[in-house]
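Notes for the one structure printed next.
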Number of protein chains: 2
Amino acid sequence: MATRPRKTATAKTRAPAEEPRKGQRRLDAVNSLRRKILTGELPPGERLREIALSEQLGMSRTPIREAFQTLAAEGLVDLLPNRSVIVSVPDKSEAADVFTVLGALEGLAGQLACRRMTADQIEILGELQDDLALYFEKRDRLSYLEANRLIHEHIIDCAGSTSLTLVWRLLLPRAERARHVTTLDHERWAEAYEEHREIYAAIAARDEVLIKQLLEAHFINGIESMKKKEAENRAKKRSEIYAEVTR
Amino acid sequence: MATRPRKTATAKTRAPAEEPRKGQRRLDAVNSLRRKILTGELPPGERLREIALSEQLGMSRTPIREAFQTLAAEGLVDLLPNRSVIVSVPDKSEAADVFTVLGALEGLAGQLACRRMTADQIEILGELQDDLALYFEKRDRLSYLEANRLIHEHIIDCAGSTSLTLVWRLLLPRAERARHVTTLDHERWAEAYEEHREIYAAIAARDEVLIKQLLEAHFINGIESMKKKEAENRAKKRSEIYAEVTR
DNA sequence: TTTTTCAATCTTGCATACTAAATTTATGTG
DNA sequence: CACATAAATTTAGTATGCAAGATTGAAAAA
């Protein structure tokens, strides 16, 4: 909600949760459970028993139950009355689904950002874009993805819309879970990087029509790439089964 | 004090129908608090003291604290560590803000619905549209608004996107709070009704380009009308002050 | 054997108890 | 009187206790 008045670049987006708070076990529970769900350590359909979790996380059931409410709002777990909370089962098309919505949201964000972002914010975006370039050159995939996330977060930030930020943040965990399935191949990586260069250029020029097109296309292209990859995997699996049978 | 009361002894004496609701006090708390916030009974900035609320709602602090997590996800309250939960203060531009985001979401929803909705779903939309027409003719504003909400909900439904449904539902309470400020004048009402006729025609024809334009415009027009109204109110207030001074 | 019943057990939902942090009030100091 | 400081009070955060609903599994019936 607070639009940052100073150029606190990337640090601010990561800093607040870093130190080990003694209080706020509820937040520990939220973060811990969310991570476990996103990494698949807690697989879809898993029953989350409060007592077991409380022993595992070293706290009582109370903060865990409160964490469940947050995770339920994010759509990561389902709450059934008098029954154990379960990790929600992502639809098989969830990845495409969540990226489609994110595309629409970021398209709007880009549009708003073009109208509202300050010179400082454009400068920060430039720095983030430089980071992205660096990591792409070095083929540092993990750092690249982190820089990528920061850029998208920054654009949302620059849009200066409370509601947009609210729903974007809510959707992010689902996107992370969806992304977990996807493996970026180099072809798509290069393509996406090129798209990011165009996105930066458009936003720096405050071309709100172009930025919307570019951002929406950025996500659609990602989805298409995922689908292609998926089709390839299915084909590969089929041929493996065939090889097995005819061996 | 008996620690082990018999189960069956007094059970018959209570009529099952008159019991308000035994389980799920948490949901009662969520609904009750949300309604109070939306109606302004709990004004923005109000401190929500757990003990006071628990007495007021006839339950302990536990379900209320759990409800806070849900309301926080909806952006209706802010959680500050070791400090009272407060009703979030809507930005003065929150109404425009939330409708802007809803416009983008429903634009996408319309697009997806054009591709995916079944003949049955189109038929239902037609019935809802008929209701809307009826209430418009009768100038029944409250029923009209309800029918209006059902139509938008149905379109979201027809899009068949889990993520879209998730974020749309999350945003609804904020939209309701924003709408609380707005008073639909007759000019805008007629205009909006006409837009709904076009929206229905476009979706029935599965024209996904048109439907997106119409839905986005529908929200933008609503925002413009709100802004105009607001400007008028400000002008009126100014002239009242002037009248006061010169009296 | 398979199916049904029912009681023992487990798990959730809520209330209450306790601890620690924040706020308020009282007190001291210049 | 203004201001700082400490004690008292209030309030949030967490743990624990208990009853009601769900689950399980063994015995009884088919």
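To find a chain, count down the sequence lines: A is the first, B the second, and so on, and within it residues start at 1.
Counting any heavy atom pair closer than 4.0 Å across all strands shown, B/Ser84 reaches sugar-phosphate atoms only and no base atom. A/Ile64 comes within 4.0 angstrom of nothing in the nucleic acid, heavy atoms only. Using a 4.0 Å heavy-atom criterion, one finds that B/Leu79 contacts no nucleic acid atom at all. Among the protein residues, B/Arg49 comes within range of the sugar-phosphate backbone only, with heavy atoms under 4.0 Å from sugar or phosphate atoms but none that close to a base.
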*asked:* Could you go through A/Arg34 and A/Glu176, starting from their C-alpha distance and side-chain angles, then the distance that decides it, and tell me whether this counts as salt bridge (charged side-chain N to carboxylate O under 4.0 Å, His left out)?
replied: CA-CA 10 Å; A/Arg34 185 160 44 210; A/Glu176 293 293 327; over 6 Å; no
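Between A/His196 and A/His152, the ring planes lie perpendicular to each other; the angle is over 60°, past the 30° to 60° tilted range.
Set against C/dT11, C/dA15, D/dG13, the side chain of B/Met59 has C/dA15 as its closest nucleotide. The side chain of A/Arg65 lies closest to C/dG13, out of C/dG13, D/dT24, D/dG13. Checking C/dT16, C/dT12, D/dT14 against the side-chain heavy atoms of B/Ser60 singles out C/dT16 as nearest. Taking only side-chain atoms of B/Asn82, from C-beta outward, the nucleotide of D/dT14, C/dA22, D/dC18 with the closest atom is C/dA22.
For the pair B/Thr62 and B/Arg47, nearest-nucleotide mapping onto DNA chain D gives the more 5' position to B/Arg47. Along DNA chain D, the nucleotide nearest to A/Pro81 and the one nearest to A/Pro63 differ in position, and the one closer to the 5' end is contacted by A/Pro63.
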